[in-house]
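Given the structure is predicted, the values throughout are model-derived calculations rather than measurements. Counting convention: from 1, in listed order, for ligands and their atoms alike.
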Amino acid sequence: MNATSASSLPPSYVGRFAPSPTGPLHFGSLVSALASYAHARAAGGQWLVRMEDLDPPREQPGAKDAILESLDNHGLHWDGPVVYQSQRLEAYAHTLEQLQQAGLVYPCTCTRDDLRAMGGVYDGRCRQREVDLSQPHALRLKLYDVPPGVPTLPDVCQFDDLIQGPQAQNLRLEVGDQIIKRKDGLFSYQLAVVVDDIAQHISHVVRGSDLLEVSARQIALFQLLGEKPPLYGHVPLALNTQGQKLSKQSHAPALNDGQAGANLWHALVFLNQSPPEELAQAPADEVLAWAVSHWRTPAIRGLSKPESQATTEQR
Ligand code: GLU
Ligand code: ZN
């Protein structure tokens, strides 16, 4: 493991990989891990691993250790201890309280069917409603028309994605107030990810483009909390031959750690980094060293359209 900075000031570049333990590391998650690792190391930055084990019903037994072992076998060594979201519930509760005190949180009893009838974007109807708190209810966060005293957010959240370029999303019309605590009592990913990115001083978030869609709402939460959001970069998703995202749901195969170097080489090809042919048989550490010293973010641009994405067959 690399030594962390001895300075007490937050370091200037801190990246992270934040897997959910729903299954083993597969080619798609390796692409995200490698991109965030290489982007961080090429900038001389730290690279952290955070286990997003916040949703026990979705977890696969053994997946946490399997993911960490697989990262390690691929030479993707992280700085500092792994943070487990399951150990951070107090921090989430604390931030929730802070948001409640600012008048930004309200209970919502709407169902999935209600949300579908609203066209998928929550219309804020429980903001004004008397909610019977003895009934199961979620807690939602106001993202627009916020109470006085809270930083006002522009209706349209704009940011420049490091890979996908300029982005704009209307929080009121395209996003809607977000659930931050679910009906089943679990804290939502949207809350936890921001609380942790703040606590870990994350400066750069490089991750799969399935999360491009949720970046604006995360940026908004940073702003409501008076914090500066990190920079975001979203890498294209690896798809299977049916055009589905590689995931446990689409039965993505676990990586063979015995071919770590070759897996990394294929991930570099996928990321349009043009690694030399002869590196295809090299050990993982050598492929990684090449990746860091030749890392080119602009090369990834233009890969975001599904028709130009590689499939698992090409690896
Ligand atoms: N845990 C999330 C996932 O595996 C990623 C969260 C993030 O990178 O912000 O999809
Ligand atoms: Zn509601």
Please calculate the SG(Cys108)-the Zn ion (ligand 2)-SG(Cys110) angle and round it to 10 degrees.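 Value returned, to the nearest 10°, is 110°.
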Is Arg41 salt-bridged to Asp79, going by a charged N under 4.0 Å from an acidic O? yes
Is the distance between the Zn ion (ligand 2) and the nearest N/O/S atom of Thr109 smaller than 2.8 Å? no
Does Ala18 reach ligand 1 with a nitrogen or oxygen that is under 3.5 Å from one of the ligand's nitrogen or oxygen atoms?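 For ligand 1, there is an N or O atom that lies under 3.5 Å from one belonging to Ala18.
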Within-cut-off N or O pair, Arg207 and ligand 1, under 3.5 Å: yes
Is ligand 1 less than 4.0 angstrom away from at least one heavy atom of Phe17? no
Ligand 1 atoms in contact with Leu211 (distance to a heavy atom under 4.0 Å): 5 (C), 6 (C), 7 (C), 8 (O)
By number and element, which atoms of ligand 1 are closer than 4.0 Å to a non-hydrogen atom of Val193?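 Those qualifying, in numeric order: 9 (O).
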How about [X] and [Y]: does a side-chain donor come under 3.5 Å of a side-chain acceptor?
| X | Y | result |
| --- | --- | --- |
| Tyr92 | Asp196 | yes |
| Thr111 | Asp114 | yes |
| Tyr189 | Gln178 | no |

Just need the protein heavy atom nearest to atom 3 (C) of ligand 1, so name the residue and atom and give the distance. Ser20 OG, 3.5 Å
Can Gln200 and Arg50 be said to form a side chain to side chain donor-acceptor pair (under 3.5 Å), step by step? CA-CA 10 Å; Gln200 296 187 282; Arg50 180 169 73 229; 2.9 Å; yes
Applying the side-chain hydrogen bond (donor to acceptor under 3.5 Å, both in side chains) criterion to Ser215, which one of His234, Gln164, Gln167 satisfies it? His234
Please work out which of Gln190, Arg16, Arg50, Glu52 has its closest non-hydrogen atom nearest to atom 1 (N) of ligand 1.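 Nearest heavy atom to atom 1 (N) of ligand 1 lies in Glu52.
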Where do His77 and Trp47 come nearest, in terms of heavy atoms and distance? O-CE3, 3.8 Å
